[in-house]
There are 2 protein chains.
Amino acid sequence: MISALQQARYAYIPKLPAVLSQSGPFAGLKAGGATESVDNQDEIRAIFPDTYGLPTLEFVAGPKKSLPAVKAAVILSGGQAPGGHNVIAGLFDALKAINAESQLYGFLGGPSGLIEDKYILLTEELIAQYRNTGGFDIIGSGRTKLETVEQFAQVSKNCQKHGINAIVIIGGDDSNTNACALAQYMLSKQTGIQVIGCPKTIDGDLKNDWIEVSFGFDTATKVYSELVGNIMRDANSARKYWHFIKLMGRSASHIALECALQTHPNACIISEEVAQKRISLDQIVTELCELVTKRGERGDHFGVVLIPEGLVEFIPEMNKLIAQLNDLLSLRKDSFEQLPDMAAKISFVAQQLEDDSALVFNNLPALIRAQLLNDRDPHGNVQVSRIETEKLLISMIEEKLAKSGSKVKFTALAHFFGYEGRCAAPSNFDTNYCYSLGYTAAALIAAGKTGYMASLRNIAKAPEEWIAGGIPLTMMMNMEQRHGKAVPVIRKALVELAAKPFQSFAAQRKTWGINTEFVYPGPIQYFGPAEVCDQPSITLALEQEK
Amino acid sequence: MISALQQARYAYIPKLPAVLSQSGPFAGLKAGGATESVDNQDEIRAIFPDTYGLPTLEFVAGPKKSLPAVKAAVILSGGQAPGGHNVIAGLFDALKAINAESQLYGFLGGPSGLIEDKYILLTEELIAQYRNTGGFDIIGSGRTKLETVEQFAQVSKNCQKHGINAIVIIGGDDSNTNACALAQYMLSKQTGIQVIGCPKTIDGDLKNDWIEVSFGFDTATKVYSELVGNIMRDANSARKYWHFIKLMGRSASHIALECALQTHPNACIISEEVAQKRISLDQIVTELCELVTKRGERGDHFGVVLIPEGLVEFIPEMNKLIAQLNDLLSLRKDSFEQLPDMAAKISFVAQQLEDDSALVFNNLPALIRAQLLNDRDPHGNVQVSRIETEKLLISMIEEKLAKSGSKVKFTALAHFFGYEGRCAAPSNFDTNYCYSLGYTAAALIAAGKTGYMASLRNIAKAPEEWIAGGIPLTMMMNMEQRHGKAVPVIRKALVELAAKPFQSFAAQRKTWGINTEFVYPGPIQYFGPAEVCDQPSITLALEQEK
């Protein structure tokens with residue numbers, strides 16, 4: 001059974017940039033100058049000799065050509081993001097426009113499907129069921145890392161078996177880093193297999209001058225803003241609860257920032273600011289206590305606080321504690337695991353930690369100490385995403401208020417929103433953007449390009465005005481330490497404190513904090529007036545303001 | 001600042017039943033025969049001698065009359081529900097249509113405002129800011145019980161001071177029970193003050209042949225279904241998590257049932273079935289383990305389970321345990337509170353409980369034992385709504401699977417949705433329904449009625465076809481035990497296992513369980529095709545099927 005909305009959305013025709021709706025995948029290409037990587041140019045050039053320095057590309061009107069059929073492969077890689085199905089639909093439609101005999105292989109379950117040769121042949125009938133829908137369920141996704149030469153060789157072999165001459169990798173920064181290495185491999189081995197990336201992640205941390213946003217960010221933040229707004233209206237009606245809402249987004253706080261710009265919470269913590277200004281946990285708690293007290297004195301015993309999922313890793317002393325715990329629990333694994341219960345484990349750890357970290361550890365609420373020791377990954381590392389930061393803050397505020405003898409009422413509720421937004425039906429923006437990304441990827445394939453990411457610019461404007469093209473994957477890279485080794489990776493875009501989105505937030509947060517200036521965005525709309533249905537994220541709009 | 005959607009929704013004109021849009025609040029009244037209470041007729045008649053047995057009322061076309069200005073009071077009582085602002089808007093507009101000099105006093109913060117004489121005079125300018133919006137923030141709500149003769153006398157005094165001759169109480173079953181008592185008081189004291197109730201509660205447990213649904217249920221269940229559907233699409237894309245989703249709704253499982261009918265989860269527990277069939281916690285866990293195993297054997301290591309908030313109170317042995325804990329912690333309060341830590345408290349309780357309850361208690365996960373002992377209300381009672389039933393089930397399933405030596409993968413995530421839906425912007429249905437309820441309440445006032453609840457029937461159809469009228473509050477009452485005393489209360493509507501909504505679920509749940517037949521409803525739409533924007537809840541549609 002299909003919902004009425006999904007059925008109605010099948011009828012939506014995604015919008016393309018003018019150049020692609022006019023010239024289709026036969027658009028011509030205008031090349032920019034040679035490019036450099038964002039840093040460590042020598043190292044990056046040495047690692048990617050065949051794809052380094054490629055020019056940026058922009059599509060321009062071109063005549064319809066007669067082109068041979070393309071056999072392309074596509075994978076979805078990593079966490080879900082709204083619009084993935086439309087990237088595939090755009091890719092499929094453009095491949096068929098190139099040549100009706102073109103074929104699109106959907107490899108199943110992410111990179112592992114490509115390595116293990118598990119696939120389905122995508123047909124119009126199948127694609128039709130997924131147009132303009134959320135989810136990655138058409139072919140599934142996976143987190144296998146496609147990074148070794150052996151894996152590349154296997155992928156090459158599998159593609160050659162099917163006659164596949166292009167691979168489209170829909171993924172985040174890691175997956176596109178791997179796409180870059182795969183492109184280099186395919187060139188160096190003269191396989192003739194092209195590799196094109198598409199920028200996906202709700203976290204919004206894959207962006208730069210050419211990739212204005214990763215797909216899914218728009219929809220996910222609109223879903224979270226709907227929920228935050230609904231909770232705000234409840235807080236403002238019941239007038240007795242503080243709601244602490246943790247929002248997905250591990251490494252960057254773009255999601256929390258966008259939701260703050262949409263809804264005007266009483267507080268929103270930005271991890272990048274915490275790290276840069278070296279704000280301690282105690283400072284965060286103290287400031288929130290002051291806010292609770294100030295509002296309480298006005299009779300406002302309620303409020304809404306937004307917290308980015310990755311916060312604890314950005315708080316200097318917590319970051320140090322977690323690093324020490326990871327070392328300790330890996331070095332003393334056996335002794336630790338033989339301890340009879342949580343109380344014994346906590347006291348063991350407290351004794352073994354360095355003094356300052358032991359103090360931090362001992363001051364944490366019992367629930368959080370247990371989570372730090374309980375939920376570890378197979379390598380013994382603390383699973384930061386499992387730490388209930390929202391409850392940590394509530395508990396520490398309760399304690400601090402009690403200790404200070406404060407009489408202010410403070411009753412708090414904790415929420416975490418993440419899975420609610422990753423597979424939502426895409427907003428009109430993401431519907432168009434994703435379809436255009438897929439279409440652009442196919443046009444890059446038709447033009448014989450490899451080692452590129454599909455790029456659309458000027459996207460705060462209407463789709464007709466979008467500029468389609470490609471950006472060399474090497475251009476986004478720099479060298480970073482991973483497990484003690486310098487490796488080439490696409491640089492993550494963190495929230496920049498000097499940029500307009502944060503500045504706009506910083507200029508207003510005091511007023512939002514003390515007053516109640518909540519905004520209630522409501523659910524994503526598809527059929528109404530343009531100002532309701534077609535607005536890009538505030539982050540994007542601010543970034544593109546002249 | 002106001003969101004684009006809120007701004008656009010201001011322009012929506014709520015639809016009224018034909019009789020009210022044609023005759024306005026001057027509609028005539030057709031009276032049915034004398035009525036009886038649903039049970040305990042003699043007791044109810046004795047308690048409400050002046051309002052018992054009143055006829056049901058239905059509005060019919062009538063000529064415009066010249067009527068004196070009305071001074072009416074309105075309060076919002078209890079938990080938030082989407083559409084409350086529109087009840088007030090409908091009431092306001094109808095009062096002004098009766099006579100342009102009519103006035104509406106909004107008493108602040110629920111019943112306490114009425115007792116303490118805290119109010120604002122509602123104006124067109126103020127109402128305009130709240131039309132078609134969610135929340136109760138226009139005048140706030142509260143949970144003070146308006147039930148003593150002293151309170152009634154104070155309310156009467158306050159109303160007489162302002163010249164108020166009618167009170168509209170927007171609330172759930174408890175608040176309307178109190179409205180009934182207040183109406184009786186006002187009649188017996190010949191104050192001339194009329195009392196009219198309006199049926200509010202997202203829980204959907206205030207309904208009967210005349211009140212087909214309480215307002216807010218439609219919107220809240222649509223918001224929860226959006227989120228459940230989004231999580232389902234994520235589950236089906238990632239294929240590695242079981243999501244356990246607890247849904248608000250303490251005494252009745254209507255919300256969980258409606259969401260199940262909307263989204264087709266792998267399992268949905270209905271509290272009423274658990275209680276009626278005396279299903280034990282172990283049986284629930286065993287059945288879920290079987291489901292996890294069966295799906296796991298097909299390679300489907302994912303699923304979605306819906307759980308009603310109040311479940312633990314309906315599980316026979318948990319209900320008994322909670323009752324014993326309440327007694328024990330109240331009787332032995334002092335000894336219990338002197339115990340040094342949670343471990344000591346748990347062992348104290350385990351020793352003092354009767355054998356069977358001690359066994360149940362000892363088998364619960366540590367987290368839940370702590371929640372049972374930690375989160376108690378001022379009377380020492382266990383706060384059932386604070387028990388994380390979703391985590392209880394996950395933990396017990398993990399344990400049972402581990403004990404059975406099962407190799408099936410089971411990784412589960414817990415969610416709770418409640419506050420996200422209580423103040424959402426009302427669906428078109430609730431927008432129209434609430435406005436019509438308020439309008440009907442005013443028409444009942446104009447007709448000189450008291451002790452009635454505003455009633456709209458045939459509401460699965462388009463608003464023009466709705467039948468507007470009133471139902472005597474006494475008609476819904478029976479005697480129930482409260483704190484060891486028989487008192488008159490409006491009978492709560494629980495999920496009926498023999499009725500169509502549950503039957504429809506029961507007929508399909510096996511298939512939904514093993515297969516993956518998720519439906520993704522998506523967000524509430526306001527501007528699109530009727531089949532997307534104007535569908536009533538499935539529960540209502542099934543209940544009204546001939």
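Remember, predicted model here, so these are calculated numbers, not experimental data. Residue numbering restarts at 1 for every chain, and letters A, B, ... go by the order of the sequence lines.
Looking at Glu226(B), the atoms closer than 4.5 Å to chain A (heavy atoms on both sides) all sit in the side chain, from C-beta outward. Heavy-atom distances place the side chain of Ala8(A), and not its backbone, under 4.5 Å from chain B. With a 4.5 Å cut-off on non-hydrogen atoms, Arg143(B) touches chain A through its side chain but not through its backbone. Only the side chain of Leu413(B) has a heavy atom closer than 4.5 Å to any heavy atom of chain A. In this structure, chain B has no heavy atom under 4.5 Å from any part of Val228(A). Only the side chain of Tyr241(B) comes within contact range of chain A, judged by heavy atoms closer than 4.5 Å. Gln7(A) does not touch chain B: none of its heavy atoms, backbone or side chain, sits under 4.5 Å away. Heavy-atom distances place no part of Arg239(A) under 4.5 Å from chain B, backbone and side chain included. Both the backbone and the side chain of Gln525(B) have a heavy atom closer than 4.5 Å to some heavy atom of chain A.
Side-chain atoms of Asp430(B) come within 3.5 Å of backbone atoms of Thr219(B) as a donor-acceptor pair (strictly under, hydrogens ignored). Formation of a donor-acceptor pair under 3.5 Å by the Tyr224(B) side chain with backbone atoms of Gly418(B) is found in this model. Side chain of Asp218(B) to backbone of Ser537(B): a donor-acceptor contact under 3.5 angstrom is found. Lys200(B) places a side-chain N or O within donor-acceptor distance of the main-chain N or O of Ser77(B), the cut-off being under 3.5 Å.
Of the listed residues Ile524(B), Val223(B), Ile138(B), the one with more heavy-atom pairs under 4.5 angstrom with chain A than any other is Ile524(B). When each of Leu5(B), Asp234(B), Thr263(B), Asn230(B) is checked for heavy-atom pairs under 4.5 Å with chain A, Asp234(B) comes out on top. Of the listed residues Glu420(A), His415(A), Gln6(A), Gln535(A), the one with more heavy-atom pairs under 4.5 angstrom with chain B than any other is Glu420(A). Interface remark: of the candidates Pro523(A), Gly109(A), Ala4(A), Pro523(A) forms the most heavy-atom pairs closer than 4.5 Å to chain B. Of the residues considered (Gly110(B), Pro521(B), Ala425(B)), Pro521(B) shows the highest number of contacts with chain A, using heavy-atom pairs under 4.5 Å. The most heavy-atom pairs under 4.5 Å with chain A, out of Gly79(B), Ala424(B), Gly522(B), come from Ala424(B). Of all the listed residues (Gly135(B), Ser237(B), Ser3(B)), the one sharing the greatest number of non-hydrogen pairs under 4.5 Å with chain A is Ser237(B). Put simply, of Gly142(B), Pro529(B), Ser141(B), the one with the most heavy-atom pairs under 4.5 Å next to chain A is Pro529(B).
Taking 4.5 Å as the limit, every side-chain heavy atom of Tyr12(B) sits out of range of all side-chain heavy atoms of Asn86(B). For the pair Asn374(B)/Met342(B), a side-chain contact is recorded, criterion being any heavy-atom separation below 4.5 Å from C-beta on.
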Query - Thr411(A) vs His301(A), side-chain contact (heavy atoms from CB on, under 4.5 Å): CA-CA, chis, key distance, verdict - result: CA-CA 8 Å; Thr411(A) 310; His301(A) 307 289; over 6 Å; no

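Between Phe302(B) and Phe518(B), the ring planes are perpendicular. Angles over 60° get that label, and only those under 30° would be called parallel.
Phe107(B) contributes atom CZ, which lies 10.5 Å from atom CD1 of Ile120(B) (distance to the nearest 0.5 angstrom). The distance from the CG atom of Asn266(B) to the CE atom of Met232(B) is 7.0 Å, given to the nearest 0.5 Å.
Between Lys246(B) and the options Glu309(B), Glu390(B), Glu388(B), a salt bridge (Lys or Arg N to Asp or Glu O under 4.0 Å) holds for only Glu390(B).
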